[in-house]
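Below: the structure, in structure tokens.
Just so it is clear, the model here is predicted, and its values are computed rather than measured. Just so it is clear, the values below take in all heavy atoms, side chains as well, and ignore hydrogens, waters and symmetry mates.
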There are 2 protein chains.
Amino acid sequence: MKNKSERLEAIRTLLTAEQVGSQEELLQKLVALGFDLTQATLSRDLKLLKVMKAPGNDGRYVYVMPNSVPSAPDAGEAFSINGLVSLEFSGNLAVAKTRPGFANGIASIIDEHLPQSIIGTIAGDDTILMVLKEGVTQIEVKNTLLKIIPAF
Amino acid sequence: MKNKSERLEAIRTLLTAEQVGSQEELLQKLVALGFDLTQATLSRDLKLLKVMKAPGNDGRYVYVMPNSVPSAPDAGEAFSINGLVSLEFSGNLAVAKTRPGFANGIASIIDEHLPQSIIGTIAGDDTILMVLKEGVTQIEVKNTLLKIIPAF
DNA sequence: AACCCTATTGTATAAATATGCATAGATGAA
DNA sequence: TTCATCTATGCATATTTATACAATAGGGTT
């Protein structure tokens with residue numbers, strides 16, 4: 001498929017930025033980012049990426065990328081456009097996770113492009129909080145966001 | 001049991017010496033060495049030892065010891081250092097006050113440990129804003145937080 | 001002793017993960 | 001075009017792994 005490599009890149013990014021404890025959980029996040037796949041495919045992707053499931057210090061399990069080591073053939077390329085890592089909603093709020101340091105930049109893009117559905121954003125280092133305008137649905141915002149910030 | 005540590009040691013040794021692909025397989029080897037246990041116990045042992053299951057280059061899976069890092073001198077788990085001052089809720093939001101400068105540090109601890117109940121945090125200098133996941137109650141969050149960050 | 005607490009384990013089962021098989025689209029050769 | 005082939009994927013399921021629960025054993029304490 002045309003978006004397999006994008007998906008792999010998204011997985012890479014997600015796993016380095018967040019603590020994910022199961023494939024099902026990772027699947028949710030990927031779906032939230034607009035990818036369409038099943039657990040079976042994810043299992044294969046993780047095998048491909050050599051992602052390991054490791055017990056964490058806190059008693060939970062975490063998926064970890066093969067530490068650093070771009071495995072050689074990687075070369076540059078990678079981290080181009082997008083710092084966006086995940087997107088979640090809760091009521092009239094949306095929280096986006098970004099790569100460290102990207103939050104402010106992305107937030108200002110959002111501010112610029114979504115005045116109709118978002119009344120304001122606040123960004124930290126790797127997190128953006130968005131307050132949705134009254135009456136606007138989560139779906140609407142998600143779709144608009146994905147249109148503006150492509151390259152997922 | 002009196003031989004748990006022996007068993008753990010045996011597991012350590014086995015895994016560094018051989019390519020083991022499943023707990024069942026490892027179980028066989030341990031039994032062959034005279035140990036008496038079940039897969040359930042083995043699963044717990046592996047968790048304890050922080051053994052990871054990793055996809056190998058040959059398309060198979062291998063259990064690997066947390067390379068180097070004995071992780072033994074772990075000392076206490078809890079974050080004894082405590083900058084947390086107060087915690088209040090409002091709808092799907094929680095606001096924590098911290099000692100000046102502590103907000104970001106504590107927020108990142110929260111990010112790391114409460115992905116199930118908090119979808120994101122934003123921290124200033126002495127204030128943390130947390131957005132609760134939909135469906136999660138204030139009480140739940142408060143209890144979990146207190147477990148992770150004890151002693152107000 | 002009687003009681004309580006903690007650690008360890010097995011059993012049974014839930015949860016999570018891997019994969020055999022079938023299918024669909026893509027590519028290319030004849 | 002038509003056939004062969006290859007990749008990517010879903011579905012269903014086998015396999016594997018984690019865990020809730022109950023039982024047991026070993027300390028301590030009173």
With sequence neighbours excluded, residues passing side-chain hydrogen bond (donor to acceptor under 3.5 Å, both in side chains) with [X]:
X       : value
T121(A) : D111(A)
T127(A) : none
E134(B) : Q138(A)
E140(A) : T137(A)

Distance in angstrom units between [X] [atom1] and [N] [atom2], rounded:
X      : N       : atom1 : atom2 : answer
L30(B) : dG10(C) : CG    : P     : 12 Å
F35(A) : dG10(D) : CZ    : P     : 13 Å
L37(B) : dT11(C) : CG    : P     : 11 Å
D36(B) : dT8(C)  : CG    : P     : 16 Å
R7(B)  : dA7(C)  : CZ    : P     : 15 Å
R60(A) : dT17(D) : CZ    : C1'   : 18 Å

Interface residues of residues 10-17 of chain B with DNA chain D (non-hydrogen, below 4.0 angstrom):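 Result for residues 10-17 of chain B: none.
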
Report which part of the nucleic acid D45(A) touches: base, sugar-phosphate, or nothing (heavy-atom distance under 4.0 Å, all strands).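 Counting heavy atoms under 4.0 Å across all strands, no contact is made by D45(A).
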
Not counting sequence neighbours, list each pair that qualifies as a side-chain hydrogen bond (donor to acceptor under 3.5 Å, both in side chains) and has a residue in residues 30-41 of chain B.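 Sorted pair list: Q23(B)-Q39(B).
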
Not counting sequence neighbours, which residues clear salt bridge (charged side-chain N to carboxylate O under 4.0 Å, His left out) with [X]? List them please.
X      : result
D45(A) : R7(A)
E9(B)  : R12(B)
R60(B) : D58(B)
K29(B) : E18(B)

Verdict with supporting geometry, I122(B) and V95(A), side-chain contact (heavy atoms from CB on, under 4.5 Å): CA-CA 10 Å; I122(B) 294 201; V95(A) 173; over 6 Å; no

In B/S/- notation, 5' to 3', how is nucleotides 18-25 of chain D contacted by protein heavy atoms closer than 4.0 Å? BBB-----

Angle by which the axis turns from one end of the helix from dA1(C)-dT30(D) to dA30(C)-dT1(D) to the other, five pairs per end, to 10 degrees: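 Helix axis angle between the two ends: 20°.
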
Following the transitive rule for hydrophobic clusters with a side-chain heavy-atom cut-off under 4.5 Å over Ile, Leu, Val, Met, Phe, Trp and Tyr, establish whether M52(A) and Y61(B) coincide in one cluster.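 No; tracing contacts between hydrophobic side chains, which count when under 4.5 Å, never links both residues.
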
